[in-house]
**Student:** 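So that we are looking at the same thing, I have put the structure below in structure tokens.
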Amino acid sequence: MKSYIQLIGSGTFDVPPSIIVHFDSQRYLFNCGEGTQRFCLQNKLKVSKLKNVFLTRVNWDCFGGLPGMLLTIADAGTKEIKLYGGPNLTHAITATRGFIIRSTMSVATHEFQADGMEFKDDNMTIYPIFINPEESNNNISSSYLQESVSSPSKRANDFTLDTVDNTSLQYKKEILSLMFNKSHQPFDHKGPVAKKPKTHDYEENSALDIPDEVQNDQPSSPKDDKDSLIQQRRKLFPKRLPKSSPSTISIAYVCIGPKYKGKFDPAAAKAFGLRPGPQYADLVNGKSVTAPDGTIVHPNQVLGPSRAGAIFIVIDVPSTSYIPSICASPELATYQTENKDLQPRIIIHMLGNGVLENEKYQSWMKKFGTNTEHVIMNEQYCPQRIIFNSIAESQFKLSKIDENRFRIPYYSNQPEKLLDSVSNIPKTTRLAAPLLTFHMEPSFKIDASNLPELFDHNDENSRAVIELNKNIEYLNLATQVREEVAKTTPEATDIPGNDVIVTTLGTGSTLPSKYRNVSSTLLTIPNNGCILLDVGEGTFGGLLRHFGPFGKPRGEGQISIEKFFDSLKCIFISHMHADHHLGIVGILSKWNELKRDSNAFIHIVGPPKLWKWLSEYGDVQDFGLSRIKFIDNRDTLFSKKPNASPKKISSSLKSLKESINLKNFEAIEVIHCPFAYGISIEHLDGWKIVYSGDTRPCDDLVNVGKNATLLLHEATFENDLLEEALNKKHSTTEEAVKIGERMNAQSILLTHFSQRYPKVPVFTDDHGKVGISFDFMQVSIGELYKLPKYVEALKILYCEDSEEAKDDYWMQE
């Protein structure tokens, strides 16, 4: 049996610490923060074989990528998956029922409730060990009964999964079984059978279609199982989940592989008169056989000595307050022994800042055997290297057209702190790196052969520079475009809002890909504040790549990440499809951390299900829910009646408009899914920006956006895919351009491209108004006139034969 551990996130901006454990039959994932699925897909780690996920904490850093991952593996054909973790795991998953449903996969949760419980299958036995911070020795969620042990004599170590339970937890598991119910198909596929029929659009919309309030009308008798499932969802989903409270528990996992059998000795078997065949197989499988002379031959007579299974430990230490609990743990002390059978081969340390420098933690590390490898995952000791090389290489190429519009993402191949500066740690301590591999069976080996090449655009010998220098046609055209743009001046220099900056952080649809992350756009309004338009998974990491890390602003005159958070006034969520909002908790968590000592508040504008989800997830983690001024999109809808009386606006909407000096902030019901909206933002200075969200061409959007300064419109599909655009309620490129023309928008910026098409879309632009957005592109309103001039160079860079056009392999699989 072969098995190995592969590192995923090491503590970079994009992917929090996580690992994946490979066996022939399946994969095991430990933690799933934002960006995990993108990393796995880009590096061809087969998530379809994922069967079990273990979380060290039920916190967004460890959990934030899990909702998106569940959708991805369900659509890839996975039939069932089990999730393991501490208190609130079931609560956190079921809180997503307003926008996540899959009837092709079952999901089960198991909340470890006391030290000593075990997980066991054919590949591993895993023991969870609870670790608590000093201020809370036993912070168990209210999901559990106070009377957690039915018999006073029953020891905690005798518990098995879900021994401790209560009505609240069972109710949440019932909700979960309705969310993921593989026994019910959403509809019958008729006609030619597709290779991989996709039903997720139907299912996500059916989730959004369920009312937010309990309906009093009595449903008719269900016609079939499918109808019964729908009725159960409509009955239970609107109800608020039973309250819970945040838990500070961190779980260390001690993972033990199966006993490794000794090597079969054919000579010894032959000496007993045995011949190759079934009897050899029986002996290998632990069965005794009878020799021709009647002698009973036992396995130990023909097999070499067996040995204990390989051990590894995953430990998550968010802060130094957890160290006393770790040092005092008798369960962890079991593996600090001279008995080699109990010595871990590797310990994965997921560490908060300050932990590695702590003398007590260093002493604890040194108590393990001298052959134990210690792997450190920490944002200060692990370099902030580029994790998604394809997007960085693409930006590097685009920067040759305009280095200010297409900024290379921030990165550093040197750590903030050197591991060598920590002297009192085991000599076998090393830093984590993406795809660093530790072979566990049949023999231990460290393998760095799969590490991605370091991106370094300043190194003439790096792959990125060499590949770009080969593309002479593009480089010549980029130079030509640069010179042409330098000679060009805008038709008008006094454009209202000419210093407002639009930054397209994520420009793809549905799933993150190699070249485009999911939706997010930042509006920076000087002297007023910042607005985020949608925040797909990975937005926080994208912001750090764009602005640079805390304490390190990028270049003169550039806004810092601290300044961004200080200026963030509003987040607008267009609709509740997962690719548009799953990054919001990460953003709010950091905002709340930075603003904890102030009276600041933030405006969130979105569909009603967004507030419900945030309210329920607020039971799991404090991300500043009480500091949010929530505005329902329905309360900002523009009036279709020509001379209608002004609507009474809420105090929160009034506060939002005053905080950014807005004249109007009007939502538009667009044509996509239930509760889908576009937005028109009009400033007192005279500029107007319209964002379509996801939609078919929409007359109301045209009407409210008349004479817009900028239209930011989705262009999901190419023009020859009109039928697919109609079915999925998206727009083609040409349709998006025409909407801008009907609106008389001064400029049109296309975004939300299908991930299958990294190349430049085809469109007609008779008036030089249309620009194409890319991740990390930033442009001021006063410089929008430049974007149409880049298109010809982009067509060369993303031509049919280019690496970029061919390389989005995993979207086709």
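In this text, all values refer to a predicted model and were calculated from it rather than measured experimentally.
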**Student:** Salt bridge (Lys or Arg N to Asp or Glu O under 4.0 Å) with E666: which residues, sequence neighbours excluded?
**Tutor:** none
**Student:** Donor-acceptor pairs under 3.5 angstrom involving side-chain atoms of residues 523-530: please list them, not counting sequence neighbours.
**Tutor:**
residue, atom, partner, partner atom, Å
N528, OD1, N661, ND2, 2.7
N528, OD1, H683, NE2, 3.3
N528, ND2, P526, O, 2.9

**Student:** Using the ring pair (Phe, Tyr, Trp, His ring centres under 6.0 Å) criterion, which residues pair with F630? Sequence neighbours excluded.
**Tutor:** W611
**Student:** With sequence neighbours excluded, tell me which residues meet ring pair (Phe, Tyr, Trp, His ring centres under 6.0 Å) with F63.
**Tutor:** W60
**Student:** Rounded at 0.5 Å granularity, tell me how far CZ in F13 sits from NE2 in H546.
**Tutor:** 13.5 Å
**Student:** Got a sec, which residues hit salt bridge (Lys or Arg N to Asp or Glu O under 4.0 Å) with R627, two or more places apart in sequence or on another chain?
**Tutor:** none
**Student:** Would the distance check show the side chain of D14 and the main-chain N or O of G542 forming a donor-acceptor pair, the cut-off being under 3.5 Å?
**Tutor:** no
**Student:** Quick one: salt bridge (Lys or Arg N to Asp or Glu O under 4.0 Å) partners of D622, sequence neighbours excluded?
**Tutor:** R596
**Student:** According to salt bridge (charged side-chain N to carboxylate O under 4.0 Å, His left out), does anything in residues 735-745 pair up with another residue at least two apart or in another chain? List the pairs.
**Tutor:** R696-E735, D699-R742
**Student:** Partners of K786 by salt bridge (Lys or Arg N to Asp or Glu O under 4.0 Å), sequence neighbours excluded?
**Tutor:** E783
**Student:** Identify, with sequence neighbours excluded, every residue that meets ring pair (Phe, Tyr, Trp, His ring centres under 6.0 Å) alongside F406.
**Tutor:** Y790
**Student:** In chain order, what residues pass the side chain to side chain contact (heavy atoms under 4.5 Å, CB included) check against P496, with sequence neighbours excluded?
**Tutor:** W687
**Student:** List for me each residue that meets ring pair (Phe, Tyr, Trp, His ring centres under 6.0 Å) alongside H752, sequence neighbours excluded, and say none if there are none.
**Tutor:** H580, H730
**Student:** Using the test side chain to side chain contact (heavy atoms under 4.5 Å, CB included), find all partners of N404 that sit at least two apart in sequence or belong to another chain.
**Tutor:** D402
